[in-house]
Amino acid sequence: MAKMHVSTTINGEPTEFLCDATDTLLDALRGPLGLTGSKEGCATGDCGACSVTVDGRLTCSCLMLAAEAEGREIGTIEGLSQGGKLHPLQQKFLEMAALQCGICTPGFLVASKALLDRNLEPTETEVRYWLAGNLCRCTGYDKIVHAVLETAAEMRGASR
Amino acid sequence: MTSESNVKWIGKNTIRPDGADKVTGRAAYAADATMPGMIWGKILRSPHPHARIRSIDTSKAEALPGVKAVMTSADFVEFPVDTPVPIGIQDMRWMSRNIMARDKVLFAGHPVAAVAATTEKIAEQALELIEVDYEVLPWVIDVEEAMKPDAPILHDHIRFEGKPSNIAGKLEHTLGDVEAGFAQADVVIERSFRTEPVHQGYIEPHACLVSVSDGKATVWSSSQGQFMVRGMCAHMTGLPQNDIRAIPAEIGGGFGGKTIVYLEPVALVLAMKSGRPVKMQMTREEVFRATGPTSGSVSKVKIGATKDGKIVAAEGTWWLQAGALPGAPIRGPVGCGFAPYDIPNVHTLGFDVVCNRSKVAAYRAPGSPIGAYAVECVMDEVAEALGIDPLELRLRNAAKEGTKAAYGPVFPRIGYEETVRAAMEHPHYRAPLGPNQGRGVASGYWFNAGGESSAQVNINEDGSVVVITGHPDIGGSRASTANITAELLGIDYRKVSVLIGDTSVIGFSNLTGGSRVTYASAMAVTESTREVINTLKARAAKIWGIDPEAVIWENGEARPAGENAGNFEPLTLAEIAAKANSTGGPIGAGKQLNAVGAEGGFGTHICDVEVDRELGIARVVRYTAFQDVGRAIHPAYVEGQIQGGAAQGIGWALNEEYIYDKNGKLDNASFLDYRMPVCSDLPMIEAVIIEVPNPKHPQGVRGVGEVPIVPPLAAVANAIYNALGIRFYSLPMSPPKILAALEQTERLAAE
Ligand code: FES
Ligand code: FES
């Protein structure tokens, strides 16, 4: 079967790629695009390791067809730090040891950023429910939730 | 040991050396690797829980365009069942049969053949073209069923008490005389328990990439031990170890489940046959169906105590499912179950029972949570019967220095009592409970492990340092290594890079498992660094023209030992490094050792639950875990281990279980149906670090990672009892089970 041609924007950069009709966006990111920061933990939408944003909306890239990226703005973990400078969430995850093995970390960071983009004053409960689609087996979530709350507080302070 | 007053990096929450890579998506896990010319391997799995393989016809698959290699167990070295081939704690007889069925399939999901093709899709098509002729056999998956006299027998060679049996092994410990002990007791409580298999649940599925050129193999994979991967690949293929280079990729969680191989030897054979690099990665469904959960179990525990709260006798028997091949972790419950207590008369017994499920793999403190679940629930009932506070009962019977454990050792200085006292004094223990809430406590023990570790410490020309160790870092152990090296050398930890060497770079190092890495690699790193310091002092002495004995190392500098040694300006590490060539050449040292004296770890947990009586959902609303860690080298990652272990234990207690359909096939092989705790299921988990230094370790370290999964099963069960007045004797305490129990209680009350 002939490959499909897709024109999209990934982390702000115009990007083109070829894919099969049945490929997921995650397949395309990890395969031809070489963006392996998005992880595959399940391929069924249950772990969030593949989290990306599509036009700003948090999405499991394993549940979306690659062809559907046509004309959209995709955001991945690789776009989180800008000009070599870590995003405050990335910095806080490191400072607060909010990762152990790190396989879930890209997904948590993308999801957390999507939360803070909408709501810079989340409660602990809001953070917990927003991140309920991301599985972490190492940390018990404690330090992740603390890191997100701390980052939000710092970003609020900085924007004041 | 470094004196406390000037400790700079040990005990500091430094940024891990691999941190930036992990938050930017740059860290390379096994599935992230590719190679030019790479093809894809896939595995054909048995649809039957038990069947004889009459024949396998791969000819049609081989003829499919794009298929480059097909293999079966005939392509592996065969290990006869009657001759043990140990490798670490595993046996190649069972390992080899687990990763590729020989003669018989023993569980639904058991590999029978594998294919490598130019695309994943072609490989999948090829699997469908492989024809396997099965003679379907009766099967058994329940541990009690498997022990019945008429049960289907999995292995003809296994005999128990002279008869063909599914009981593959037995372990027993005896201390004192339990009969006599129970005769002295005022209260004796005996209960039976049941647990289901639960999976380690690492988020990264197993994956590897193998390339072979000119007979030399490079294996890139995610595992808890590159030397284990090399060893097992060598055994399975007959290649000498020097022809296999096993490179440890970053690992996305293991919890014991990656202490063995599933894919690497298969990919290696496919790569040898095809002449192409072969990549394999499991789907989540394959991970659930065919990689090790830990055992399900049935058990019976009996504890006798006198009126004044002294335990005089204890007895426990555990029957653990091994899955398809021998190797259930019976050592865990049998050795650890009663270890927190000083009991004069103890008898423990464990049975390793095979059945038609996937072979179990290690899971965090293997077997110990199953032991503690039964023991700590009965302890709660004993405390209630005696009218003694449950922590007070534990304190009165606490094992301490000099206590003889039933499994053999006499404990040196241990910190169990301290965990119980800390729990009693913590505000959590006194905090008021709301409606439908209950509080439970439980303790737990894990042996911890030492074993082989290698390290190399090299001083760079600019005075910065590279440390290489041989253990995959799963939870931040590189940060601990950096802290220790920086502390000993007296330099900033950012000057220390820590790398995990592959099998051709660093000396043999045992698995990342058993809570051994920070413990054992710290010893190898400490010895290497001390030798480096001796060299640095010798070089300074040479520069000054004095005796090396007259030089001391302090705060990252060489100084004359005193007035008599001479009057010289201190020389920094960087200054000595810059002169290395003219003073004798590059500076570095490597040590290889077999670490002994790991010494066990103890924890005590307090759990509050709230039960929704309408829905039967028990939610953990507050959780505090107290643990003696010896010495916390990097406290945040120590806390992280405790919190993560507690969360896994909570999942085990409340929701996780392997569910089989009536055809003997796993029915919930996905993260949707196998319900691990998500962020909104849990509260903050407070980790209280207690430091009773291990006298046998240079920094006082005890293993940390495994203890925290041991107490939660019983802590949650005891909390639910406290909330509802109903005791549950089986796991998980999932909503349907709680609801049914509540309804039954209401019915009985109404009658
Ligand atoms: S890989 Fe997409 S949700 Fe798990
Ligand atoms: S850090 Fe390992 S899964 Fe989250």
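Every heavy atom of this structure was used, including side-chain atoms; hydrogens, water molecules and symmetry mates were not.
Of the possible polar contacts, none joining the B:D673 side chain to the B:S670 backbone as a donor-acceptor pair under 3.5 Å is found. Panel note: side chain B:R16, backbone B:R478; no donor-acceptor pair is recorded below 3.5 Å. Without hydrogens or angle criteria, B:T259 side chain to B:G257 main chain gives no donor-acceptor distance under 3.5 Å. For the pair B:Q200 (side chain) and B:A362 (backbone), a donor-acceptor distance under 3.5 Å is present. Here the side chain of B:R284 pairs no donor or acceptor atom with the backbone of B:F671 at under 3.5 angstrom. Formation of a donor-acceptor pair under 3.5 Å by the A:Q100 side chain with backbone atoms of B:G475 is not found in this model. Judged by distance alone, with hydrogens and angles left aside, the side-chain atoms of A:N119 form a donor-acceptor pair with the main-chain N or O of A:E121 at under 3.5 Å. Looking at B:Y493, its side chain never comes within 3.5 Å of a backbone N or O of B:T14 through a donor-acceptor pair.
For chain A, the nearby parts of B:T24 are the backbone and the side chain; heavy atoms of each come within less than 4.5 Å. For A:L99, the parts sitting under 4.5 Å from any heavy atom of chain B are the backbone and the side chain alike. For a residue to count as touching a neighbouring chain, one of its non-hydrogen atoms must lie under 4.5 Å from one of that chain's; by this rule B:E250 does not touch chain A. Contacts between B:I251 and chain A at a heavy-atom distance below 4.5 Å involve the backbone alone (N, CA, C, O). Contacts between B:A646 and chain A at a heavy-atom distance below 4.5 Å are absent for every atom of the residue. When heavy atoms are compared at a cutoff of 4.5 Å, B:P472 does not approach chain A at all.
In terms of non-hydrogen atom pairs under 4.5 Å with chain A, the most contact-rich of B:D21, B:V23, B:T34, B:D473 is B:V23. Of the listed residues B:G19, B:S477, B:G201, the one with more heavy-atom pairs under 4.5 angstrom with chain A than any other is B:G201. When A:T105, A:T139, A:L89, A:T125 are compared by the number of non-hydrogen pairs under 4.5 Å with chain B, A:T139 comes out ahead. Of the listed residues (B:Q648, B:E285, B:E204), the one with the most heavy-atom contacts under 4.5 Å to chain A is B:Q648. Each of A:A49, A:A97, A:C101, A:G140 has some count of heavy-atom pairs under 4.5 Å with chain B, and the biggest count is that of A:C101. No other option in B:P683, B:P205, B:C679 has as many heavy-atom pairs under 4.5 Å with chain A as B:C679. Contact count versus chain A (heavy atoms, under 4.5 Å) is highest, among B:P677, B:A647, B:A27, B:G476, for B:P677. Comparing B:A207, B:S680, B:A20, B:A636 by how many heavy-atom pairs each has under 4.5 Å with chain A, the most go to B:S680. Ranked by heavy-atom pairs under 4.5 Å with chain B, the list A:L35, A:L86, A:L135 is led by A:L135.
With respect to the salt-bridge test (charged N to carboxylate O, under 4.0 angstrom), the residues B:K12 and A:E95 do not qualify. Between A:R57 and A:D55 there is no salt bridge, since none of the side-chain N atoms of the basic residue sits less than 4.0 Å from a carboxylate O of the acidic one. Look at B:K121 and A:D23 and you find a salt bridge, because one of the NZ, NE, NH1 or NH2 atoms lies within 4.0 Å of a carboxylate O, short of that distance. Looking at B:K42 and B:E124, a side-chain N of the basic residue comes within less than 4.0 Å of a carboxylate O on the acidic one, giving a salt bridge. A:K92 has a carboxylate O that lies under 4.0 Å from a charged side-chain N of A:E154, or vice versa, which qualifies the two as a salt bridge.
In this structure, A:W130 CH2 and A:L115 CG are separated by 6.0 Å, a value rounded to the nearest 0.5 Å. With rounding to the nearest 0.5 Å, the separation of CZ in A:F93 from CZ in A:F108 is 7.5 Å.
B:S480 and B:H634 share no side-chain donor-acceptor pair at under 3.5 Å. With no hydrogens or angles considered, a side-chain donor-acceptor pair links B:E656 and B:Y674 at under 3.5 Å.
Contacts from residues 37-48 of chain A to chain B, taken as heavy-atom pairs separated by less than 4.5 Å, involve A:G37, A:K39, A:E40, A:G41, A:C42, A:D46, A:C47 in sequence order. Below 4.5 Å, heavy atoms of chain B meet heavy atoms from A:D142, A:K143, A:V145, A:H146, all part of residues 142-149 of chain A. Using non-hydrogen atoms only and a strict 4.5 Å limit, the part of residues 66-83 of chain A facing chain B consists of A:I77, A:E78, A:S81. At a heavy-atom separation below 4.5 angstrom, chain A is approached by B:Y637, B:E639, B:G640, B:Q641, B:Q643, B:G644 within residues 637-645 of chain B.
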Practice problem: Take B:T291 and B:Y202, measure what side-chain hydrogen bond (donor to acceptor under 3.5 Å, both in side chains) needs, and give me the verdict at the end. | Solution: CA-CA 11 Å; B:T291 70; B:Y202 33 80; 3.2 Å; yes
Exercise. Mind running salt bridge (Lys or Arg N to Asp or Glu O under 4.0 Å) on A:E16 and A:K3 for me, showing each step along the way?
Key: CA-CA 12 Å; A:E16 295 174 53; A:K3 297 255 182 198; over 6 Å; no
Quiz prompt | Candidate pair A:T24 and A:D27, rule side-chain hydrogen bond (donor to acceptor under 3.5 Å, both in side chains), full reasoning | solution = CA-CA 5 Å; A:T24 66; A:D27 294 333; 3.2 Å; yes
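Taking the centre of each ring, B:F626 and B:H605 stay at or above the 6.0 Å mark. Ring to ring, B:W220 and B:Y29 are not that close: their centroids are 6.0 angstrom or more apart.
A 4.5 Å side-chain heavy-atom check between B:I689 and B:P635 finds at least one atom pair inside the cut-off. Side-chain contact check for B:D608 versus B:T624: every heavy-atom pair is 4.5 Å or farther apart.
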